[in-house]
Number of protein chains: 2
Amino acid sequence: MRHLKVYQMIEAVTRAGSIRKAAEDMNITASALNRRIQGFEQEFGSEIFERLPRGMRLNPAGELLLHHIRAQKTDLARVQSQVADLSGVRRGHVTIACSQALLPYFLPRQIALYRRDHPGVTFSVRVRDRVQAEKDLVSFHSDLALVFEPAHMVDFEVLYAIDQPVHAIMSRAHPLAAARTLRLRQCLDYDLVVPGPQYGVRTLLDRAAKRIGRQLEPALETESFEMIRHFAALGQTIGFQIPIGLNPAAHEDVASIPLSESDLPAGQLYLGQLRGRALPVASIRFAQQLTAALDATGG
Amino acid sequence: MRHLKVYQMIEAVTRAGSIRKAAEDMNITASALNRRIQGFEQEFGSEIFERLPRGMRLNPAGELLLHHIRAQKTDLARVQSQVADLSGVRRGHVTIACSQALLPYFLPRQIALYRRDHPGVTFSVRVRDRVQAEKDLVSFHSDLALVFEPAHMVDFEVLYAIDQPVHAIMSRAHPLAAARTLRLRQCLDYDLVVPGPQYGVRTLLDRAAKRIGRQLEPALETESFEMIRHFAALGQTIGFQIPIGLNPAAHEDVASIPLSESDLPAGQLYLGQLRGRALPVASIRFAQQLTAALDATGG
DNA sequence: AAATCCGGTGCATTAATTGCACCGCCGGAG
DNA sequence: CTCCGGCGGTGCAATTAATGCACCGGATTT
């Protein structure tokens, strides 16, 4: 889209932080780029960059404009893919930001299922914690977000929500492995492996521990849910995870036991999009499939 | 915005129905315009016009694109006015599509009220029946719509809704003028003056009449609510209107009596916008004021 | 004080856009 | 039927806009 080159230039300058670097990235001279930016600012009626001694940075007006630019770029892409749809084959690309818990079983299965019916549709999965996931929506880097206990919910339009009680996971040989539900204080007697504070499971755990006058003293804190799972399988350590991250069918190498809801109320897994945004067809359809699938696990 | 000239050209061709006429409108030659269109179609990846022997018409892909073009144009305008806001004075323009009933008292008062605080904001009021009002939103010709009993509600995002029972209006000398409420069948004994079938009041009346095994046989059918009001003031004719169209404070020259809700359930007056659209600040603020004002009349 | 990196500008060059003249096509009027 | 008028499309020359190059002045870093 040649007529949108100014927008690309603005994005490039924003990214690079200076006209000269951006010009190099775009394989043009700094002077050409400089004049396009100046020309645009004049047409636009306001400067959009602060001129710093070391380069350029968007001013508030520029931030507003950048948001518009991204919105319009992704919307044009949506129109184009919708047009492609008109002439037969369903094509498209879905970008989804999601929590780690969705990676092992749920999402791969859903994507495969969707692609069986629509082989022309491709996917990007961006692993993000809940804060990053929301930023991803706002910056138009992701169409959908599937996150546990999102943080702010501003600009987050909920498409579906489902309860996810926190489960304790441990070796099948663990003394507590036979229980049907566990109290939090039972778990605190053992070594714990928990996710970092930026994750919803941790927030819920911290809150619950505080309520019974205790404090989490984890033996291992990690960002990797996979490591939590594997570490919990060793010795008598206890890890925590939400059930959607565990294989519902086959037997795991770990036992998974829900924590009592009176200790720790169930968190919620949210499927959402940027408020008010028109999604591409493929994303809408995929979101519908996810909603149906989540609904099935819940009932 | 020079980089959006292609879009203006596409709009011009759509409006004019042929390249040559559009070219004349834009003061360029047909060949230049022709090539820009062709160039765009190539970049876009699909034709957007049908070539007819008598001119050009948008194809389905073009319709999709046109919607995007309008959306992006109005959104850019929103950004610009929002940027203007940053530097002090609140400016802006609000376009609202509304039913006739809002014209005599409610809207002028609200607009005056808003402009007292924000003199920089200007208004366009487009009088539309409920079908046209929704089209106005979709085509980005109006920011807001304030309509009685809208028809489809697709793409219509409700910002506020309030009950409006249908009132019978008549001369103060009319035999029924002293009643507190009226049954529909009482009214049917007199000559009636009613709006055309495209209006919500009429739909409600027709439906209610049918339910008591009667049919409306109006003496006068008109599009003009003003004419209904004035005609009802003469002789023993009965007209119908919703209370928001009547002066709440001063004494009218006509009596206004609500119809019994068991005959004719109250319709609803909706304030709405195009689903998912980001409105300019001024429109948002004005919508908030309207919501508060409607809420006050209802309570 | 020197070196470096920055945004901005004058001027020649290059690329894109436009205007002009003209083609072939099709529907309607004569 | 023919002919006319309006249509979209195209080759080519003229015009206009965008770019590259060389360079300036200013601020920060070394």
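Chain identifiers are assigned alphabetically (A, B, ...) following the order of the sequence lines, protein sequences preceding nucleic acid strands; residue numbering begins at 1 within each chain.
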Novice: Please collect all salt bridge (Lys or Arg N to Asp or Glu O under 4.0 Å) contacts where either partner lies in residues 12-35 of chain A, sequence neighbours excluded, each pair once.
Specialist: none
Novice: Residues in side-chain hydrogen bond (donor to acceptor under 3.5 Å, both in side chains) with Arg126(A), at least two apart?
Specialist: Asp136(A)
Novice: CD of Glu50(B) versus P of dC25(C): gap in Å, rounded?
Specialist: 21 Å
Novice: Could you state the atom-to-atom distance from CZ of Arg57(B) to P of dG8(D) in whole Å?
Specialist: 13 Å
Novice: Provide, to the nearest angstrom, the distance between the CE atom belonging to Met26(B) and the C1' atom belonging to dT17(C).
Specialist: 14 Å
Novice: According to side chain to side chain donor-acceptor pair (under 3.5 Å), does anything in residues 57-78 of chain A pair up with another residue at least two apart or in another chain? List the pairs.
Specialist: Glu11(A)-Lys73(A), His68(A)-Gln72(B), His68(A)-Asp75(B), Gln72(A)-His68(B), Asp75(A)-Arg78(A), Asp75(A)-His68(B), Arg78(A)-Gln82(A)
Novice: Grab the N/O contacts between the protein and nucleotides 2-9 of chain C below 3.5 Å, and write none if there aren't any.
Specialist:
| residue | atom | partner | partner atom | Å |
| --- | --- | --- | --- | --- |
| dG7(C) | OP1 | Ile19(A) | N | 2.9 |
| dG7(C) | OP2 | Ile19(A) | N | 3.4 |
| dG7(C) | OP2 | Arg20(A) | N | 3.4 |
| dG7(C) | N7 | Arg20(A) | NH1 | 2.4 |
| dG7(C) | O6 | Arg20(A) | NH1 | 3.3 |
| dG8(C) | OP1 | Arg51(A) | NE | 3.0 |
| dG8(C) | OP2 | Asn34(A) | OD1 | 2.6 |
| dT9(C) | OP2 | Gln38(A) | OE1 | 3.3 |

Novice: Rounded to the nearest angstrom, tell me the gap between atom CD1 in Ile37(B) and atom P in dG9(D).
Specialist: 10 Å
Novice: Just the rounded figure in Å: distance from C1' of dG20(D) to CZ of Arg36(A).
Specialist: 14 Å
Novice: Could you tell me, to 10°, how much the axis swings from one end of the helix from dA1(C)-dT30(D) to dG30(C)-dC1(D) to the other, five pairs per end?
Specialist: 20°
Novice: Compare side-chain N and O positions of Arg2(B) against OP1 and OP2 of dA18(D) and report whether any pair is under 4.0 Å apart.
Specialist: yes
Novice: Would the Phe148(B) and Tyr199(B) ring centres measure less than 6.0 Å apart?
Specialist: no
Novice: Flag the pair Phe156(A) / Arg275(A) as yes when at least one side-chain heavy-atom distance between them is below 4.5 Å, and no otherwise.
Specialist: no
Novice: Nearest whole angstrom, please: distance from the C1' of dA17(D) to the NE2 of His3(A).
Specialist: 18 Å
Novice: Identify, with sequence neighbours excluded, every residue that meets salt bridge (charged side-chain N to carboxylate O under 4.0 Å, His left out) alongside Asp155(A).
Specialist: none
Novice: Report the residues that fulfil side-chain hydrogen bond (donor to acceptor under 3.5 Å, both in side chains) with Gln132(A), sequence neighbours left out, ordered by chain and then residue number.
Specialist: none
Novice: Over how many whole Å does the gap from Lys5(A) atom NZ to dA18(D) atom P extend?
Specialist: 10 Å
Novice: Name all residues meeting the salt bridge (charged side-chain N to carboxylate O under 4.0 Å, His left out) criterion together with Glu41(A); count only those two or more places apart in sequence or in a different chain, and write none if there are none.
Specialist: Arg51(A)
Novice: Would you mind reading off the distance between Phe40(A) atom CZ and dA18(D) atom P, rounded to a whole angstrom?
Specialist: 14 Å
Novice: Who are the side-chain hydrogen bond (donor to acceptor under 3.5 Å, both in side chains) partners of Ser124(B), not counting sequence neighbours?
Specialist: His93(B)
